[in-house]
Amino acid sequence: MSSIQVTVDGQPTSIESGVDGFKLFTSKTVVALRVNGELRDLAHRPVEGDAIESVEIGSPDGLNILRHSSAHVLAQAVQNINPEAKLGIGPPITDGFYYDFDVETPFTPEDLRALEKEMDRIIRSGQRFVRRATSDEAARVELANEPYKLELIGLKGTDSVGDGAAEVGSGELTIYDNVNPHTGETVWKDLCRGPHLPNTRMIGNVYSLMRSAAAYWRGNEKNKQLQRIYGTAWPTKEELRSHLEQLEEAAKRDHRRLGAELDLFSFPEEVGSGLAVFHPKGGIIRKTMEDYSRQRHEEAGYDFVYSPHVTKSHLFETSGHLQWYAEGMYPPLQMDEERDENGEIRKQGQDYYLKPMNCPFHVLIYKSQGRSYRDLPLRMFEFGTVYRYEKSGVVHGLTRARGFTQDDAHLFVTQEDIEVELQNVLKFVLDLLRDYGLNDFYLELSTKEEGNPKFVGDDAIWKLATDTLEKVATESGLKLVPDPGGAAFYGPKISVQAKDAIGRTWQMSTIQLDFNLPERFDLEYTANDGTRRRPVMIHRALFGSIERFFGVLTEHYAGIFPPWLAPVQVVGIPVADEFNDYLGEVIEKLRASGVRASLDVSYDRFPKKIRNHTKDKVPFMLIAGGEDRDANAVSFRFRDGSQENAVPVAQAVERILKAIADKVQV
């Protein structure tokens, strides 16, 4: 047999013509190939000159393949039990997979258990995943009983396909057959781009079906509501167990539950989905967060600005938001129309929009007067409330809301100062996040997708902006992860990804470099040589939004906020009423120093008071009885149940003030 020359994992190699991935890689952990940058099944046969890489099951691509294969097995199990079920889509997602089904009744927990048993049977049978190319016409005949698959075939190659891209792309249409290894019979099939595991047995027993939920077809609430089943799959039992333990811990920390238990915020039905109201205790935390942020911005040379919540449509037409972001905006408000006494229109009305972004307003502030190079960098900062029409299925407490307040900054700089200003902004962002208790970071660089018309502006400018951001991010020393196609429509961005106390990653601050809006709004400044030049904009949201950051911190701390953020920092609990006055004097000393302190003089018994304030997660409980009063001392009771007795009052006050000032956890 003739040989061909290829590259295997970076090494030039001679292999026999017709050899497939199974023979190239004998390791059981290799589940697919990457051939010339494209993922392929192990059954793929390379040709002369191919660059081939092995794909391990524990790699990001390998995990997606494992989870997508698990989704196929789930769909097969559903149709085995309920042949009338119609198939939606079933892509891999972060830490798992889902599959949507059109069924008459929603799935129950008992249904999920039955489906897991059927999946186990399919997995043990070792069915092979076999790729088969087909034409659009042939696929329509073959899948005539699957209306949602037919719709995806019609959307092939369009931007509308969304998550259905896992099944149809812009190229060749393929179907994956699940083949009985003993008889060669196709026992099930699904429209899919692949790749897949070689066989179902490789899924093993390290998967779990998690829950079911309603979901609109293709995420559009105008479409039919389907039933979605979520699952997770991992290469090893240890990883599955660790993931399930993390989910259990995450459920305990859910900010929506803690928000209700600690009386921090709520989402009244009368107000609407995704719109929070903050209660007094939550208001204290939020104000503390905002006040400290304002202080740090003032120290860093930012100017505070304010802008309205609504604007005429022309502003967002100029900025490009109505062209590129309209789906994320609330519908327009028709205003300012005037009619005469006969009802005839005398003045046409205008469309006003709730703002989804603050940046166009800051651009107008810049443009309100002539600017010189001496004015730059000009740093504008605003706690600006914005409104985005998130689909009801993705609204999630404070972390995905429809109305929220961004700690938004826009910096106008000369091209010569871009790099230095970006370095300063990134350092400022990381230092401030650390003050709030987040310390484990990496960076993500979001770039444009070549050929995608949603990205506006000159390619050369995009390259300059991207290269500059990449240089600054690399020099920070933090790990940099690429995010192709994730840029804003007007420019690339760096996003700070932070890990919380249980290892979950949250996107925090974003830093975007924008040459586009200054061009669209014709912004200028006078350079030192007298010429007119174009400034560059840096968009920067530090928290992302106050609400979302509030939710993240609530889960990070599990509601056990450090003293500087806690709504009640100290509560005095007398052992008996006769010690009220003594302990009240200590509380007044603390209040005089700005501490949020109160004295519990309720009729509850002493043990119940301890339980109440422990449940409320108060950082410092000060207890006083006869011995404490005689020694001019107090006893500390902490949230974990530990206690420290006979602490002199002056020392106790100093200790509390220091913990608050140093922003430490207790």
Side-chain angles (χ1 to χ4, degrees), residues 221 265 267-278 283 286 290 293-294 302-339 345-369 378 380-392 394-395 398-412 456 488-490 510 512 514 516-518 520-523 537 539-550:
E221 58 194 22
F265 55 83
F267 295 88
E269 182 64 31
E270 297 87 341
V271 177
S273 176
L275 301 167
V277 295
F278 282 78
R286 177 169 175 161
E290 292 179 357
S293 179
R294 284 190 180 93
Y302 285 77
D303 295 310
F304 300 126
V305 298
Y306 300 88
S307 59
H309 293 225
V310 297
T311 180
K312 294 178 183 177
S313 62
H314 180 69
L315 180 62
F316 291 132
E317 290 167 0
T318 304
S319 69
H321 286 93
L322 275 178
Q323 183 179 1
W324 305 106
Y325 199 76
E327 286 188 0
M329 297 170 65
Y330 272 86
L333 307 169
Q334 182 71 214
M335 298 174 65
D336 296 339
E337 180 183 276
E338 295 180 8
R339 294 177 180 264
I345 295 176
R346 185 168 56 199
K347 177 184 174 184
Q348 289 289 342
Q350 299 187 65
D351 285 344
Y352 282 73
Y353 282 89
L354 291 169
K355 63 176 178 179
M357 309 278 187
N358 298 300
C359 36
F361 297 87
H362 296 185
V363 168
L364 294 183
I365 295 172
Y366 178 95
K367 200 175 180 180
S368 65
Q369 60 180 269
L378 179 59
M380 296 184 193
F381 173 77
E382 176 181 10
F383 280 117
T385 301
V386 298
Y387 303 89
R388 298 182 186 174
Y389 185 63
E390 299 284 6
K391 299 287 176 55
S392 59
V394 301
V395 171
L398 296 178
T399 57
R400 194 73 179 264
R402 286 177 168 173
F404 50 90
T405 302
Q406 291 186 305
D407 59 330
D408 222 355
H410 294 93
L411 298 84
F412 299 85
V456 297
F489 69 84
Y490 49 77
T510 56
Q512 301 171 345
D514 182 6
N516 183 58
L517 281 184
R520 295 177 76 96
F521 282 92
D522 194 27
L523 302 187
M537 273 183 79
H539 303 244
R540 192 237 65 198
L542 198 152
F543 298 148
S545 80
I546 292 294
E547 287 81 357
R548 184 173 182 275
F549 194 62
F550 192 112

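Note that the numbering runs from 1 along the sequence shown for the chain. Note that this is a predicted model, so its numbers are computed, not measured.
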Could you check if a side-chain atom of [X] sits within less than 4.5 angstrom of a side-chain atom of [Y], using non-hydrogen atoms only?
X: Val363; Y: Leu315; result: no
X: Ser319; Y: Phe521; result: yes
X: Gln350; Y: Pro332; result: no
X: Leu378; Y: Tyr366; result: yes
X: Lys355; Y: Val310; result: no
X: Thr311; Y: Tyr352; result: no
X: Leu398; Y: Phe267; result: yes
X: Met329; Y: Leu354; result: no

Tell me whether [X] contacts the main-chain N or O of [Y] through its side chain, where contact means a donor paired with an acceptor under 3.5 Å.
X: Glu382; Y: Ser307; result: yes
X: Arg402; Y: Leu275; result: no
X: Ser368; Y: Ile365; result: yes

Exercise for the section: Please check if the distance between the ring centroids of Phe550 and Phe278 is under 6.0 Å. Expected result: yes
Indicate the atoms forming the closest heavy-atom contact of [X] with [Y], along with that distance.
X: Glu390; Y: Val395; value: CB-CG2, 4.0 Å
X: Thr405; Y: Arg286; value: OG1-NH2, 3.0 Å
X: Arg520; Y: Gly320; value: NH2-CA, 3.5 Å
X: Leu517; Y: Met537; value: CB-SD, 3.9 Å
X: Val386; Y: Gln406; value: CG1-OE1, 4.0 Å

Exercise for the section: Taking atom NZ of Lys367 as the centre, report whether more than 12 heavy atoms of other residues, nucleotides or ligands fall under 6.0 Å from it. Expected result: yes
Problem - Glu269, CD atom: more than 12 neighbouring heavy atoms under 6.0 Å - result: no
Exercise for the section: Could you walk me through whether Arg540 and Phe381 pass side chain to side chain contact (heavy atoms under 4.5 Å, CB included), step by step? Expected result: CA-CA 9 Å; Arg540 192 237 65 198; Phe381 173 77; 3.8 Å; yes
Practice task
State which residues pass side-chain hydrogen bond (donor to acceptor under 3.5 Å, both in side chains) with Asp303; sequence neighbours excluded, sorted by chain then number.
Solution key: none
Problem - side-chain hydrogen bond (donor to acceptor under 3.5 Å, both in side chains) involving Gln334 - partner list, sequence neighbours excluded - result: Asp351
Would you compute the distance between atom [atom1] of [X] and atom [atom2] of [Y] and round it to the nearest 0.5 angstrom?
X: Gln348; Y: Asp336; atom1: CD; atom2: CG; result: 11.5 Å
X: Phe549; Y: Asp407; atom1: CZ; atom2: CG; result: 8.5 Å
X: Arg400; Y: Lys391; atom1: CZ; atom2: NZ; result: 10.0 Å
X: His539; Y: His362; atom1: NE2; atom2: NE2; result: 11.0 Å
X: Asp514; Y: Leu411; atom1: CG; atom2: CG; result: 12.0 Å

Practice task
Go through Arg339 and Arg346 one step at a time and tell me if the side chain to side chain contact (heavy atoms under 4.5 Å, CB included) criterion holds.
Solution key: CA-CA 5 Å; Arg339 294 177 180 264; Arg346 185 168 56 199; 5.9 Å; no
Problem - Criterion side chain to side chain contact (heavy atoms under 4.5 Å, CB included) on Phe383 and Arg294, from CA distance to verdict - result: CA-CA 9 Å; Phe383 280 117; Arg294 284 190 180 93; 3.3 Å; yes
Problem - Worked check of side chain to side chain contact (heavy atoms under 4.5 Å, CB included) between Met357 and Arg388 - result: CA-CA 9 Å; Met357 309 278 187; Arg388 298 182 186 174; 3.2 Å; yes
Practice task
Look at the rings of His309 and Tyr387 and say which category their plane angle falls in: under 30° parallel, 30 to 60° tilted, over 60° perpendicular.
Solution key: tilted
